[in-house]
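Each chain gets a letter, A, B and so on, in the order its sequence line appears, and its residues count up from 1.
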2 protein chains.
Amino acid sequence: MSDKKIRNMAEFAIACGISRPTISKYFNDPDSIKPSSRAKIEEALGRYDYRPNIYAVNQNRQMTKNIGIVVPYLADPFFAEMVRFIERLFIDTGYSPSLFSSHGEQKLEMEILDSLRAMKPAGVLLAPLGRISNHKAIEAFCSNVPTVLFDSNLEGIGEAFIGSDNHSFISQTVEYLTRTGEPPCFLEMKHPANPNANKRREAYLSIMHDLDFEPHVVSLDGTGWGFEEIGHQGGIKLLQEKSLPTRTVLCSNDRLAIGFLAACYERGVRVGRDESDDLRVASLDDHPFSRFTCPSLTTAAQDYMSVSKHAVETLFRLIECGGRFEQREEKLFPAKLILRESA
Amino acid sequence: MSDKKIRNMAEFAIACGISRPTISKYFNDPDSIKPSSRAKIEEALGRYDYRPNIYAVNQNRQMTKNIGIVVPYLADPFFAEMVRFIERLFIDTGYSPSLFSSHGEQKLEMEILDSLRAMKPAGVLLAPLGRISNHKAIEAFCSNVPTVLFDSNLEGIGEAFIGSDNHSFISQTVEYLTRTGEPPCFLEMKHPANPNANKRREAYLSIMHDLDFEPHVVSLDGTGWGFEEIGHQGGIKLLQEKSLPTRTVLCSNDRLAIGFLAACYERGVRVGRDESDDLRVASLDDHPFSRFTCPSLTTAAQDYMSVSKHAVETLFRLIECGGRFEQREEKLFPAKLILRESA
DNA sequence: TAAATTTTTTTACGCGTGTAAAAAAACCCT
DNA sequence: AGGGTTTTTTTACACGCGTAAAAAAATTTA
């Protein structure tokens, strides 16, 4: 490594013995120049640690190589896990992902979209807050920046949506619980942040109706992203009042179930599929921690990898199309039942 | 909102009826210009939605307003929670934080440092991977970019370190467990990713020695960032073999404890501080989920807020000093004991 | 070997903003 | 009102790279 500092592309070009425009071509596409020139450049790259100034590069590009990834709440391991896959996929294809979390706040989500606009990204993968999102602002954003929504659908907004097939999640768990015991009641939050929750309730009601069972929806008070706490406090109350309508509970998501299981434990309610147990509890999402609840949680798995892959692939297609699909795409991934000890 | 599109600062200057350099001054410091000019600009800002091109802005600045935040593993809610505080603090002071996760991989950590170098940040807050970090590379990075380490200390690297006082964590929990029962054994991973784990073991040994108790360190096999799984599998094995040296267990961190508690539950081992219970389990970190374990986890709390604040404040000081402190700073925050049901 | 083709070089301008220096204008105080 | 001070305007260049056009060189093909 030579200690002579390279300040810009012109200096690096001299160090290579090659003209600057060719160097520029190389950095935009290494295969677009003659192999012998390319070899010279790569040899020089070993001697000096030159990298093009990203700000100067992006200033002249109509479109950068930046990708925005926005999630509603990064402290939720579900999203953290998702992001892990997505980031890797973008990096491997030469893009620079920038990660943002709305931390459950509408204002922050708006600020993030503002910053994103300023960085002229090639595309954005957005998991919106949902109910509390500023729908109009997001719609305006999507019309300026190629955007694919994921996890949480805002009807008609963005060029595509990739998410999970909530109906499949519910039907598989309800079917299993019913077959091996009794039809479940449905435990949810009264004011869910995320539209999936509403879809799941609707799916529950429709499936119970189709099976000719009486549905029981139990809605817990509480707002925000502290789902475990809501499940916990609600669970304590339900168990104290003995007001659960059935001995089988399907929770709207794993985080709620984690709180609910904690409440069961505290109240001495035995959860499991054994005859001697008091309650069966199942849930949805296959949250990274659901293997470590007590008892371990029977749940319906999101296929993190497939969803991530498809979201990334869709965004690439969208970018190649110039940011518009003929028709809004919607792809829902079905669930896979994960049998554990809780039901 | 006028529909005339403003393309650059010159056009916006005309729209304001003010010269371009003054506009430039305004965006760099709104208070540096005459109030009447400022009012004109802000009025125009309401009519047009102009924002300076960040790439053009940063191209000429020796130092940007960007801040890098790097954590080793974002799917760990501990870091996700930390990041939440830190991001907010930077945004509120007019900086643009960029968030990166090394996802437990040395290669990724290196790539992140490369990207960071390219974005010429004003400063970086780095929680390194620890043992598997490329120490030399990080040291080189720190000598180019004002960097404050947090959570995980690499001796002598970076201008400052902010973390937790592992000795305080251990002494408080050991003291409590001893006073209310018996001295604990120490459950840890054999090859911890994070240097805190080693500090904690050392603290345990030294404290037990001072108290004249025989120390028992139980090391679990397994590598990587799946701490819960390691605690779970190790726990199953320990309980099967009945090889736990004491009936009181202090886990090296909460995630390990979460796995261990799951193992206890599976094996029918009752955990709690009641006389009828088989085992007492305490841990360290006050992980966001430790309130929802079964039983809820007695632990020593990190003061997320104080650590975050101090880290951010230290980085600002470092930036103002031009990136060098006279002497490397080290600030450790003590723990607060959180009594719950597990011990 | 000459002609045709591809690749590289040369030259030159543009991107949008920071910023320095000098001139002009606005403001403040007596 | 006049002089001094502060602020703004004018003018001009710089930053580092993309890229277009024309010329030159290298390579391939006939």
Side-chain angles (χ1 to χ4, degrees), chain A residues 4-45 48-66 94 96 115 117-122, chain B residues 4-45 48-66 94 96 115 117-122:
Chain A
K4 183 178 185 304
K5 289 269 164 81
I6 301 284
R7 308 200 151 277
N8 54 38
M9 197 179 272
E11 285 186 23
F12 183 66
I14 292 168
C16 293
I18 285 186
S19 75
R20 191 175 68 75
T22 306
I23 307 282
S24 175
K25 268 192 101 179
Y26 168 80
F27 279 110
N28 284 302
D29 178 8
D31 290 321
S32 68
I33 65 172
K34 198 167 44 161
S36 68
S37 307
R38 180 173 168 178
K40 272 195 219 166
I41 294 173
E42 283 169 352
E43 181 268 337
L45 229 33
Y48 309 93
D49 65 338
Y50 167 74
R51 291 185 53 159
N53 178 313
I54 54 169
Y55 300 110
V57 169
N58 285 329
Q59 175 168 349
N60 292 337
R61 264 212 245 279
Q62 62 293 37
M63 182 158 293
T64 67
K65 280 279 193 177
N66 296 328
S96 301
S115 325
R117 238 189 290 257
M119 58 200 289
K120 306 187 196 305
Chain B
K4 185 178 182 306
K5 289 270 164 81
I6 302 284
R7 308 198 153 278
N8 54 39
M9 197 179 272
E11 285 187 23
F12 182 66
I14 291 167
C16 294
I18 285 185
S19 76
R20 191 175 70 73
T22 305
I23 307 282
S24 174
K25 267 191 102 179
Y26 168 81
F27 280 109
N28 284 302
D29 178 9
D31 290 322
S32 67
I33 66 173
K34 199 168 39 162
S36 68
S37 307
R38 181 174 167 178
K40 272 196 219 167
I41 294 173
E42 283 169 353
E43 181 267 338
L45 229 33
Y48 309 94
D49 65 339
Y50 167 75
R51 290 185 54 160
N53 179 313
I54 54 170
Y55 300 110
V57 169
N58 286 330
Q59 174 167 359
N60 292 338
R61 264 212 244 280
Q62 62 293 36
M63 181 158 294
T64 67
K65 279 277 194 178
N66 296 328
S96 300
S115 322
R117 237 189 291 259
M119 60 200 290
K120 305 186 197 304

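Listed by chain and residue number, nothing satisfies the side-chain contact (heavy atoms from CB on, under 4.5 Å) test with Ser115(B) (two or more places apart in sequence, or in another chain). In this structure Tyr26(A) satisfies the side chain to side chain donor-acceptor pair (under 3.5 Å) test together with Glu42(A), sequence neighbours excluded. Residues satisfying the side-chain contact (heavy atoms from CB on, under 4.5 Å) criterion with Arg51(B), sequence neighbours excluded, are Asp114(A), Ala118(A). Take Ser24(B) and apply the side chain to side chain donor-acceptor pair (under 3.5 Å) test, not counting sequence neighbours, and it matches no residue. Every residue was checked against the side chain to side chain donor-acceptor pair (under 3.5 Å) condition with Ser96(A), not counting sequence neighbours, and none meets it. Partners of Asn28(A) under the side chain to side chain donor-acceptor pair (under 3.5 Å) rule, at least two apart in sequence or in another chain, are Arg61(A).
Between Arg51(A) atom CZ and dC17(D) atom P the separation is 12 Å, expressed in whole Å. Separating the NZ atom of Lys25(B) from the C1' atom of dT7(D) is a distance of 7 Å, rounded to the nearest angstrom. Rounded to an integer number of Å, the gap from Lys120(A) NZ to dC15(C) P is 13 Å. Between the OH atom of Tyr26(B) and the P atom of dT8(D) there is a distance of 13 Å, given to the nearest Å. Note: CD1 (Ile6(B)) to C1' (dG16(C)) measures 14 Å, nearest angstrom. Atom CD1 in Ile18(A) sits roughly 16 Å away from atom P in dA25(D) (whole-Å rounding). Remark: P of dT10(C) and CD1 of Ile23(A) are 12 Å apart, rounded to the nearest angstrom. For the pair Ile14(B) CD1 and dT10(D) C1', the interatomic distance rounds to 14 Å; values are reported in whole Å.
On a pure distance criterion of 3.5 Å, a polar donor-acceptor pair joins the side chain of Arg20(A) and the base of dG18(D).
Residues Phe27(A) and Val57(A) have side chains not in contact (no heavy-atom distance under 4.5 Å, counting atoms from C-beta outward).
Residue pairs satisfying the salt bridge (charged side-chain N to carboxylate O under 4.0 Å, His left out) criterion with at least one member in residues 19-33 of chain B, sequence neighbours excluded, are listed as follows: Asp31(B)-Arg38(B).
Taking for each of Phe27(A) and Lys40(B) the nucleotide of DNA chain D with the nearest heavy atom, the 5'-most of the two is the partner of Lys40(B).
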Tabulated below should be each protein N or O lying under 3.5 Å from an N or O of nucleotides 14-16 of chain D; please produce it.
from    : atom 1 : to       : atom 2 : distance (Å)
dC15(D) : O2     : Asn60(B) : OD1    : 2.3
dC15(D) : O2     : Asn60(B) : ND2    : 3.1
dG16(D) : O4'    : Gln59(B) : NE2    : 3.4
dG16(D) : N2     : Asn60(A) : ND2    : 3.4
dG16(D) : N3     : Gln59(B) : NE2    : 2.9

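A heavy atom lying under 4.0 Å from DNA chain C marks the following residues of residues 29-37 of chain A, by number: Ile33(A), Lys34(A), Ser37(A).
Nearest approach of Lys65(A) to Asn58(A), heavy atoms of both residues: N-OD1, 4.4 Å.
The side chain of Ser19(B) places no N or O atom within less than 4.0 Å of a non-bridging phosphate oxygen (OP1 or OP2) of dT8(D). Taking side-chain N and O atoms only, Thr22(A) has no distance below 4.0 Å to OP1 or OP2 of dT8(C). Taking only side-chain nitrogens and oxygens, Ser24(A) never comes nearer than 4.0 Å to OP1 or OP2 of dC17(D).
Counting only heavy atoms from C-beta on, Pro21(A) has its side chain closest to dT19(D) among dT19(C), dT19(D), dT8(C).
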